[in-house]
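Here, residue 1 is the first one in the sequence, and each next residue gets the next number.
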Amino acid sequence: MKIAIVTDSTSDLQTRAAEMGVEVVPLYVNFKGKIHKDWVEITPADIFEGVKAGAGMPSTSQPSPVDFKAAYERALQKADHVLSIHISSKLSGTVQSAQLASQEFPGKVTVFDTLAASMGIGMMVERAKEMLDQGADLQQVLVELERIRSDHIVRFTLASLDYLKKNGRIGGAQALLGSLLGIKPILTLKEGRVEAAGRARGEKKALAEMVEALKTWSAGRQKIRIYYLYNAEEGDVAAFKAAVQAAGLPLEERVTSSIGGVISTHTGPGVYGFYAYSL
C-alpha cells in the first residue's frame with residue numbers, strides 16, 4: 001500500500017516538504033483586515049513590523065475541511081492512503097478540520113494529532129517519511145509516532161509573553177507574567193499545551209538552562225535527533241547550537257528552521273529553542 005503524507009504549515013517544513021513529497025496545507029493569519037496563507041503570503045517580519053507600527057494584533061485560523069478535502073483528493077490520485085500529521089489539537093482546530101474532511105474518504109485517511117507545534121510536527125513528519133521509504137507499514141509508523149509523541153523534549157524562549165497572552169495560548173505559562181524585568185521565560189509543551197518550564201535572568205542563563213534540560217533528558221540515551229527552531233536573529237540560534245554542540249551529547253542535528261507566521265503570531269518575536277527525540 002502506497003501512503004502519502006499531508007501536514008500543515010505549522011510544521012515549518014516549507015523548505016523541505018517539496019523534496020520529501022509531502023503536501024502542506026496552510027493555516028491562515030488574519031492581519032490588517034486581510035486573510036493571508038501562512039508561509040505563502042505573510043512572514044513573521046511582516047507581523048512584527050506591522051504591530052510595532054501600530055497595527056492591531058493578528059489572529060489565526062485553521063484550514064477548512066474543504067482545504068483538507070482538496071489536499072486528500074490530490075494525494076489519493078498517487079497513493080492508496082493518506083497519513084495526515086498536524087499541530088496539537090489543544091492549540092488549533094486543524095486536527096478537527098482534517099478529521100471532518102477524512103470522513104469523505106472512508107478508510108483512506110488517518111489523522112494524527114502530534115500534540116506538538118513547529119519542529120515537533122516536522123520531526124514526526126520526517127520520521128514517518130523515513131520509515132515509509134524503508135518499507136514500514138502504516139501501523140508501524142503510527143506506533144513510532146506515538147512513541148515520539150510521548151517521549152521527546154521541547155524547550156524554547158522568547159522575548160516576552162505578550163503575544164501568547166493576547167492570543168489566549170499562554171496556558172500554564174501564566175505564572176510567569178509580571179516577572180521582573182530581565183527575566184527570560186523558558187517554555188515547553190505538556191499534553192499539547194504551552195507550559196512554563198522555568199525562568200532565567202538574562203539571555204545567557206536562559207540558554208544555559210535549556211542546554212542543561214537537554215543534558216538531563218539525554219542521560220542514558222544512545223542516539224538523539226535534534227531540531228532547532230527560531231524566529232529571532234539567526235545569531236541567537238547559532239549561539240544556542242554552539243552551546244548544545246559543546247555539551248558533548250550523542251546528537252544528530254537534523255533541521256534548523258525559522259518558524260512561520262501562524263506560530264509567530266502566538267509567540268511574538270525573539271524565539272529560539274529545540275525539539276529532540278531519541279532513536
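- Between the side chain of T216 and the backbone N or O of E212, at least one donor-acceptor pair lies under 3.5 Å.
- Separating the OG atom in S9 from the CG atom in D38 is a distance of 3.5 Å, to the nearest 0.5 Å.
- Using modelled atom types, one side-chain atom of S92 and one backbone atom of T94 make a donor-acceptor pair closer than 3.5 Å.
- At a threshold of 4.5 Å between non-hydrogen side-chain atoms, the residues D8 and I85 do not count as touching.
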Go through it in stages, so that I can follow the logic: the residues are F105 and L76, the test is side-chain contact (heavy atoms from CB on, under 4.5 Å), and I'd like the CA-CA distance, side-chain angles, deciding distance and then a yes or no.
CA-CA 9 Å; F105 308 92; L76 288 168; 3.6 Å; yes
Decide yes or no on side-chain contact (heavy atoms from CB on, under 4.5 Å) for V194 and L91, but give the supporting numbers first.
CA-CA 8 Å; V194 178; L91 297 175; 4.3 Å; yes
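- Under 3.5 Å, the side chains of S264 and N231 contain a donor-acceptor pair of N or O atoms.
- For CD1 of I35, the number of neighbouring non-hydrogen atoms (other residues, nucleotides, ligands) closer than 6.0 Å is 12 at most.
- Inspection of the N30 and S59 side chains reveals an N or O donor paired with an N or O acceptor under 3.5 Å.
- Using bins of under 30°, 30° to 60° and over 60° for the plane-to-plane angle, the ring pair H86/F68 lands in the perpendicular bin.
- Rounding to the nearest 0.5 Å places CD1 of I153 at 5.5 Å from CG of L214.
- Salt-bridge formation is not detected for the pair K129/E126: no Lys NZ or Arg NE/NH1/NH2 atom is positioned less than 4.0 Å from an Asp or Glu carboxylate oxygen.
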Quick one, I121 with V125, criterion side-chain contact (heavy atoms from CB on, under 4.5 Å). Give me CA distance, side-chain angles, the key distance, then yes/no.
CA-CA 6 Å; I121 311 164; V125 169; 4.2 Å; yes
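- Taking NE2 of H152 as the start and CD1 of I224 as the end, the distance is 14.0 Å to the nearest 0.5 Å.
- The aromatic ring centres of H81 and Y72 sit 6.0 Å or more apart.
- A continuous path of Ile, Leu, Val, Met, Phe, Trp and Tyr side chains, each step under 4.5 Å between heavy atoms, connects M20 with L132, placing both in one hydrophobic cluster.
- If you take CD on E234 and OH on Y272, they are separated by 15.0 Å, rounding to the nearest 0.5 Å.
- Note on ring orientation: taking the six-membered ring where Trp is involved, the planes of Y277 and Y227 are parallel (angle under 30°, cut-offs 30° and 60°).
- V22 and Y275 fall within a single hydrophobic cluster, where Ile, Leu, Val, Met, Phe, Trp and Tyr are joined by side-chain heavy atoms under 4.5 Å apart, directly or via other members.
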Do Q96 and Q62 pass the side chain to side chain donor-acceptor pair (under 3.5 Å) test, and can you show the C-alpha distance, the side-chain angles, and the key distance before you say yes or no?
CA-CA 9 Å; Q96 289 88 333; Q62 71 260 27; over 6 Å; no
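- Taking every heavy atom of both residues into account, I3 and A79 meet most closely at C-CB, 4.2 Å.
- Side-chain contact check for E203 versus K205: every heavy-atom pair is 4.5 Å or farther apart.
- The closest donor-acceptor contact from the side chain of D133 to the backbone of E130 lies at 3.5 Å or more, if one exists at all.
- In this structure, V255 is a member of the same hydrophobic cluster as L145, with clusters built from ILVMFWY side-chain heavy atoms closer than 4.5 Å.
- Shown here for A101 and P65, the closest heavy-atom pair between the two residues is CB-O, 3.4 Å.
- Under the 4.5 Å side-chain heavy-atom criterion for ILVMFWY residues, a single connected hydrophobic cluster contains both V51 and V262.
- Within the 4.5 Å cutoff, no side-chain heavy atoms of M123 are placed close to those of S11.
- Taking 4.5 Å as the limit, some side-chain heavy atom of S258 sits within range of a side-chain heavy atom of W39.
- Around CD of Q222, the count of heavy atoms belonging to other residues, nucleotides or ligands within 6.0 Å does not exceed 12.
- Both M210 and V237 belong to a single network of hydrophobic side chains, linked directly or stepwise wherever heavy atoms of I, L, V, M, F, W or Y lie under 4.5 Å apart.
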Give the intermediate values and the outcome of side chain to side chain donor-acceptor pair (under 3.5 Å) for residues S257 and D12.
CA-CA 7 Å; S257 176; D12 294 331; 5.2 Å; no
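- The minimum heavy-atom distance linking I186 with A206 is given by the pair CD1-O, 3.9 Å.
- E144 places no side-chain N or O within donor-acceptor distance of the main-chain N or O of V141, the cut-off being under 3.5 Å.
- Distance alone, capped at 3.5 Å, is enough to place a donor-acceptor pair between the E41 side chain and the K37 backbone.
- Across every non-hydrogen atom of S97 and P63, the tightest pair is OG-O, 2.7 Å.
- Shown here for K184 and L158, the closest heavy-atom pair between the two residues is NZ-O, 3.3 Å.
- To the nearest 0.5 Å, atom CE of residue M119 and atom OH of residue Y230 are 11.0 Å apart.
- Closest approach of L189 to A117, counting heavy atoms only: CD2-N, 4.2 Å.
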Please walk me through it: do E191 and K90 pass salt bridge (Lys or Arg N to Asp or Glu O under 4.0 Å)?
CA-CA 8 Å; E191 297 178 359; K90 309 292 177 59; 5.4 Å; no
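- The backbone N or O of V111 sits nowhere less than 3.5 Å from a side-chain atom of S84 that would complete a donor-acceptor pair.
- Outside the 6.0 Å centre-distance limit, the rings of H36 and Y28 are not counted as a close aromatic pair.
- Between K223 and E252 there is a salt bridge, with a side-chain nitrogen of the basic residue lying less than 4.0 Å from a carboxylate oxygen of the acidic one.
- Within a 6.0 Å sphere centred on CD of E19, heavy atoms belonging to other residues, nucleotides or ligands number more than 12.
- A salt bridge does not link E49 to K52: none of the charged side-chain nitrogens sits closer than 4.0 Å to a carboxylate oxygen.
- Using a 4.5 Å cut-off on side-chain heavy atoms (C-beta onward), R149 and T114 make no contact.
- The shortest side-chain heavy-atom distance between L279 and R127 falls under the 4.5 Å cut-off.
- Atom CG of L207 is separated from atom NZ of K241 by 13.0 Å, given to the nearest 0.5 angstrom.
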Could you go step by step and tell me if R221 and D151 meet the side-chain contact (heavy atoms from CB on, under 4.5 Å) rule?
CA-CA 12 Å; R221 299 173 190 267; D151 183 19; 3.0 Å; yes
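- The shortest side-chain heavy-atom distance between F112 and E146 falls under the 4.5 Å cut-off.
- The closest side-chain heavy-atom distance from V271 to I259 is below 4.5 Å.
- Of the possible donor and acceptor atoms, none in the side chain of D80 sits under 3.5 Å from a partner among the backbone N and O of M1.
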